[in-house]
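Contents: one structure, followed by commentary.
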Protein chains: 2
Amino acid sequence: MTTNYRIILNSIKKHVLLNEEEEACFCSFFSQRKVKYKETLLKEGEIADATFFVNEGCLRSYNIDENGFEHILQFAPSGWWIADLYSVISKRPGTLNIDALENSIVLVMLRSDQERLFIELPKIERYFRIITENSLVSHRQRLIDNMSLSAPERYEVFCKRYPELIHTLPQKQIAAYIGVTPEFFSKMKSKMK
Amino acid sequence: MTTNYRIILNSIKKHVLLNEEEEACFCSFFSQRKVKYKETLLKEGEIADATFFVNEGCLRSYNIDENGFEHILQFAPSGWWIADLYSVISKRPGTLNIDALENSIVLVMLRSDQERLFIELPKIERYFRIITENSLVSHRQRLIDNMSLSAPERYEVFCKRYPELIHTLPQKQIAAYIGVTPEFFSKMKSKMK
DNA sequence: CGAATTTCTTAATCTAGGTTATTTTTTTTA
DNA sequence: TAAAAAAAATAACCTAGATTAAGAAATTCG
């Protein structure tokens, strides 16, 4: 199995410039992992020691509330990072589950390696500082949307954010992302026509 | 008016170690600003060029939805950072308002200066990388809470997060933070006894 | 201090979205 | 390819929280 770093190097390139040697150094810290459809990469209660970059396929992170309902925090198609950052930085048991919505391939970056990289290659720390800022902004926007938009409006926002997923994802997953029951989502969609 | 850097240097100290020269360099980038009760630091539609550190008093950031309702994203008592990060990093008109809930004093860090600091003093970039990670984690948690908790439970979470504000803040502001109307908040509180 | 403004309370009524239950359709897997 | 499992649709009924309105209490500020 040949590891493909094209996608991650492209992501890096948008924010910092690495020479070939630095690129090689950066890539050497990843290991690759296949995740099958429905396979779990991280379970609630475990301590997460790594962050994942999706090379192929699609994952999701979600938490399960006390009534057993799933709330999806993020979908991660190819080119996206996904992790339980709380657990990674606190080194305590996490609250998120991460699993695959289709057969996928991820690059695994251990936090310990990431921290070594931050010291050896400050440009990598810059890259993560920038993508963390961007992620914070989009979480903030989602929070605002959840507080001020109705369910149909939140669905619209979902469609803009994940256009490639609208028709590949089961409705149930979309409902768990926008924060309604599958029954209501179904009713809502049929009204929309 | 003598500028006091004690609080911000303490915040830095929790994450990176600066020598005296570096501390002096870091502090030289701030300017200080008084913000009176109800005064606005940043209005929706403006391009934000700075991030604020609260030295004294308390600010809030909020957005106003299309029906005129305020949704509070953050309270920032002494020792907290506050900004419209979206506008700061994109250099586009922002969607947030920031104003003072009491007479306050903030330290102002221009984004242009911040970016210079990131280059001159990588430890500062590390500091911001870390506090941005922490902020992302707390936004994520708030998102989960909004999706899975009832209004009284969200009030409990608010009380744990901002214990010093429970009795100093008008109820109206707390309601706009947890995401209910002031009328419902009042009813909810009287039921809780 | 006193008038004006803002905030808080209470209560009746309304509604977006949840719950429960049943049937149909699609997907998975043996 | 058939049986089993999962997902989706539909419908009747329910509820947390919104809306509207009006009076009481607290703050603000001239």
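Convention: sequence-line order gives letters A, B, ...; per-chain numbering from 1.
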Checklist entry - Rounded to whole angstrom units, what separation is found between the CD atom of A:Glu183 and the P atom of C:dT24? => result 17 Å
Checklist entry - Within this structure, what is the CE-to-C1' distance between A:Met188 and D:dA11, rounded to whole angstrom? => result 18 Å
Next on the checklist: Measure CZ/A:Phe184 against P/D:dA12 and give the value in whole Å, please.
Outcome noted: 17 Å
Item to check | Nearest-nucleotide comparison on DNA chain C, the residue closer to the 5′ end among A:Lys38 and B:Pro170 | outcome: B:Pro170
Item to check | Shortest side-chain distance from B:Phe69, nucleotide among D:dT19, C:dT19, D:dG17 | outcome: D:dT19
Checklist entry - Nearest to the side chain of B:Gln171 - D:dA7, C:dC8, D:dA9? => result C:dC8
Checklist entry - When the distance from CG of B:Leu169 to P of D:dA26 is rounded to whole Å, what number comes out? => result 18 Å
Checklist entry - Between D:dG17, C:dG17, C:dT10, which nucleotide gets closest to the side-chain atoms of B:Ser190? => result C:dT10
Next on the checklist: Could you measure the distance from the OG atom of A:Ser148 to the CD atom of A:Glu153? Nearest 0.5 Å is fine.
Outcome noted: 8.0 Å
Item to check | Sugar-phosphate only, base, or nothing, as touched by A:Lys189 at under 4.0 Å among non-hydrogen atoms | outcome: nothing
Checklist entry - A:Phe158 vs A:Tyr162 aromatic rings, parallel, tilted or perpendicular, using cut-offs 30° and 60°? => result tilted
Checklist entry - What nucleotide among C:dC8, C:dT28, C:dG17 has an atom nearest to a side-chain atom of A:Arg154? => result C:dG17
Next on the checklist: Nearest to the side chain of A:Lys172, heavy atoms from C-beta on, is which of D:dT19, D:dT28, D:dA7?
Outcome noted: D:dA7
Item to check | Nearest to side-chain heavy atoms of B:Val180, which nucleotide of C:dT28, D:dA18, C:dT19 | outcome: D:dA18
Checklist outcome for this item: Testing C:dG17, D:dT19, D:dA11 for proximity to the side chain of A:Pro152, the answer is C:dG17
Item to check | D:dT28 phosphate, OP1 or OP2, under 4.0 Å from B:Tyr37 side-chain N/O | outcome: yes
Item to check | Salt-bridge present (B:Asp113, B:Arg116; N to O < 4.0 Å) | outcome: yes
Next on the checklist: Just the rounded figure in Å: distance from P of D:dT10 to CZ of A:Phe185.
Outcome noted: 14 Å
Item to check | B:Arg111 and A:Glu133 ion-paired at < 4.0 Å | outcome: yes
Next on the checklist: From NZ of A:Lys187 over to C1' of D:dC14, roughly how many Å is that when rounded to an integer?
Outcome noted: 11 Å
Checklist entry - Salt bridge or not for A:Lys38 and A:Asp99, using N-O below 4.0 Å? => result no
Checklist outcome for this item: Ranking D:dT20, C:dG17, D:dA9 by distance to the side chain of A:Ser186, first place goes to D:dA9
Item to check | B:Leu101 CG to C:dT6 P, straight-line distance once rounded to whole Å | outcome: 16 Å
Item to check | Interatomic distance, A:Met192 CE vs D:dA9 P [rounded to whole Å] | outcome: 12 Å
Checklist entry - Under 4.0 Å: is that the gap between some side-chain N or O of A:Ser150 and OP1 or OP2 of C:dA16? => result no
